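Structure first, then comments.
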Amino acid sequence: METVKVNKGRRFLKRGDKIKGLFVILQGSVRAVSKNDEIDMEAGSIVGLMESASDVYLCDYIATTDCIFYGYPYRNTEDYKKIFAADEKYVAVFTMAAMHQAAIMLGRYESFLKSAQTYYITLMDFYGEYEKLCNDYQVQVKPFPQIASVPPVVLDEPIEKWTMEYYRKMASFSLKYIDQFLSRDYEVGIGEIQNAVCWMRKAMTLIEELKTYLQVHKELLLSSGADDLFHLYFGLAKKAVDTGVDLEPVLVKISEIMEYCRGSHFFTQKLMDARFQEYESYDFYEQVELGDTDIWVEDSQEEYEEGIDYLEQILTYSGYEEEKANEFRSCITEYKNLPDRLATTDDVRKLRRQITQGFYDIYELAFYRTLKKGKVPVSVKMFLNFGFMDEELAGEDNTHSLHDIVAELGVCKADNVFTIYEWLMSIYRGENEPSRNEFDMDYTSYLNEQKKTGKITAAQVKELSEDRHGKVDFEMKNMFVSTNRATYGKISTFCPILCEDDVIGTLENMLVTADKANSALDGIRKVDFSLFYREVGYSDPEHDLNLEQIQKEVLPNIILMPNAGTKAMMWQETAGIKRDTSARFIFPVFTVVDVEELMIEVAGRFRWEMCRKIQGVRWNDITEPSLTSEYNDYIQYYRKNHDLSPDAKEKIKNSLTKAKNNFREVFVRDYHSWVRYESKGSFRLNKVARDIIFRYCPFNKEIRTMLHANPMYREIFDKYDILKERKKRHTELWYDRYQKKGGEINEELRVNWDFYDL
């Protein structure tokens, strides 16, 4: 064994050269470039392993960073025994690397196979739709004989599913498990390695075959010339527009082709730009925008006029079916004439359900209509942002106020604050992913579940995962519908249309602006300074920094529901699997409740749920200290706690009753007292609760300094300062080492350092 260093960018092994050794990557990364593929190899991988059953290297191996390797002389399989004799643990190390590399290669094969199969299905579907649209528009089908020559994807000897599952499973096991499995037996280890090598080489061969298939047939969808499906659709649209028919179906299909081309990675950006530019600049009678329209920015604002039929404007703009529109008008009229709109009788409940269903159907149609060019009426803006539909229901004064607010709607927008319309637009543009639904499933999980139940195919999963309309629909039907009702506050009498009955005072005073929301957020951060900080990994191998945990602050997104409500929700603690993504807080766009009070409740729930996410299944395991596990233990066994007085135990009992035995809500109440009162030296919590909350939600330095003289706080403050100084000292040491190695203290690291001074 020898240590080998290779500089970034150097090709240190050449395809076709005789195999001379195996190289374990200790540090850095390598790109393996074969005849028709490129694979990135990270630390722990073994360069040359795939060729260990042959005489020559099958790839060019190029260092993509400065690399360090352990090199082992190797000519044939017998050399494994010499390597293993040097240290028996290498049997497991080499086998584990082989399993990982085989799993990666087989995963690439599976991905290319799915891509090729999906491409064939997609191509045939697009052509079938083209023929159908030609028939619908009564336009002659343009001959496209090449389509008949495209065969489905058929491999002579495909790799069976069990093989991929086997190596995925083996790659998931620890080194210790592999070591026990092999019992350090040379023959068994060599057999497992060479089996993995055989599958890697077969996968590599099949990948080349699949890439060739895609390379040969991809030009039927989009090519540098004009003999492709994209050109057929574009030509159809040009012909159809002259007949005066609705172009939407064909324009949607053209957009789908463009979406597929962009997401497939089969085509160069230069080719797509060249081919799509003509279409995007072509002046049809109404071109679909690509989601970058801001309907609130206009040269002029319509003057307020009395006597306008706002409901008629909204229905007409949305394009709601005439029969359904008539039914909806009748429901609105009946609802306006009710003697008691808050009644809970069966007939009134049924009427509210009908109105609610119609509301969301119309909202969806109006939302998608705003993606097209053309002026959006003020009535529609009021509807999309505030749930307004009828002047009589909202009241004349409130309607006038809404009209004025729309002209200044920017006050409800910030980098982290969205009206519901702006939030849905951010989903459509791809700036944010859809939220999880009530079953805690994100959009990807939902599609996979649909596939499992047979409602959609694997090809449709791929297609829908990149479908912007599908994502917006998911957000509307789940997060929007659920939270709009919940933030209203009175679930049993909820009606999504803005009503005068829900307005107390003026709408201008009730409006939740971006300044109000962020001011409330900042007020809590000044007390609980670490609220939105997360520990994330930071590494810089080029400067000998493998992995250190640093603090990163990630502020939540605040989404304003179109209602006059009394509740706020913590809908998601993160936007996805990664910890350093924004939480999603849901507020009503109008409320008479103090926004700061709502924000404290939501922040408390965020604290609890974020801890649960980090701790996983051990969130209530007291052997793994955390906010949730310690609070859970404290509440569960408070009767036996000798540190609690009888009076304190009685208060906990009452809190549990008010919270309906929900431990999280008991914490939220205590967190509210912590932020509102304890931070000012007004004691509301018992000794045990105070100790737990401070350790996980400490006050900032200014408050700690102010309260330090108080004996109720002094001891826990002193312990905290000792622990914090230790962490700061550790940070200082590795910052020094890092800078001596040539690393720079960037903004992320400065934020982390400043964290320890808060």
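Small disclaimer: the values here were computed from a predicted structure and weren't measured. For the single chain, residues carry numbers from 1 onward in sequence order.
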Consider only side-chain N and O atoms of E597 and H672, and report whether a donor and an acceptor are under 3.5 Å apart. yes

Check for me whether the distance between the ring centres of Y720 and Y713 falls short of 6.0 Å. no

Going by atom types alone, do E744 and H543 pair a side-chain donor with an acceptor below 3.5 Å? no

Tell me whether K649 at atom NZ has more than 12 heavy atoms from other residues, nucleotides or ligands lying less than 6.0 Å away. yes

Can you tell me if D736 has over 12 outside heavy atoms packed within less than 6.0 Å of its CG? yes

Only residue of K471, K578, R584 satisfying salt bridge (charged side-chain N to carboxylate O under 4.0 Å, His left out) with E433 is K471

Is the F663 to Y631 ring centre distance short of 6.0 Å? no

In this structure, is the centre-to-centre distance between the rings of F699 and W674 below 6.0 Å? yes

Return all side-chain donor-acceptor pairs below 3.5 angstrom for residues 751-758, not counting sequence neighbours, or 'none' if the list is empty.
unit_1, atom_1, unit_2, atom_2, d
N752, OD1, Q551, N, 2.8
N752, ND2, Y735, OH, 3.1
D757, OD1, K728, NZ, 2.7

Neighbour count above 12 (heavy atom, 6.0 Å) for K567 NZ: no

From the options F480, F587, W423, select the one residue that forms a ring-ring contact (aromatic ring centres under 6.0 Å, His included) with F418. W423

Do E508 and S401 get their side chains close enough for a donor-acceptor pair, meaning under 3.5 Å? yes

Are Y634 and N686 linked by a side-chain donor-acceptor pair shorter than 3.5 Å? yes

Tell me whether the guanidinium CZ or amine NZ of R664 lies under 6.0 angstrom from the six-membered ring centre of W608 and within 45° of its axis. no

Taking atom types as modelled and ignoring hydrogens, do the side chains of Y488 and D502 form a donor-acceptor contact shorter than 3.5 angstrom? yes

Donor-acceptor side-chain pairing of S629 and N620 below 3.5 angstrom: no

Any side-chain heavy atom of T623 sitting closer than 4.5 Å to one from R618? yes

Using only heavy-atom distances, determine whether the side chains of S435 and N478 contain a donor-acceptor pair under 3.5 Å. no

For the rings on Y421 and Y428, is their centre-to-centre separation under 6.0 Å? no

Ignoring hydrogens and angles, state whether a donor on the side chain of S445 or D442 is under 3.5 Å from an acceptor on the partner side chain. yes

Which class fits the ring pair F717 and F694: parallel under 30°, tilted 30 to 60°, perpendicular over 60°? tilted

Regarding N432 and S426, is there a side-chain donor-to-acceptor distance under 3.5 Å anywhere? yes

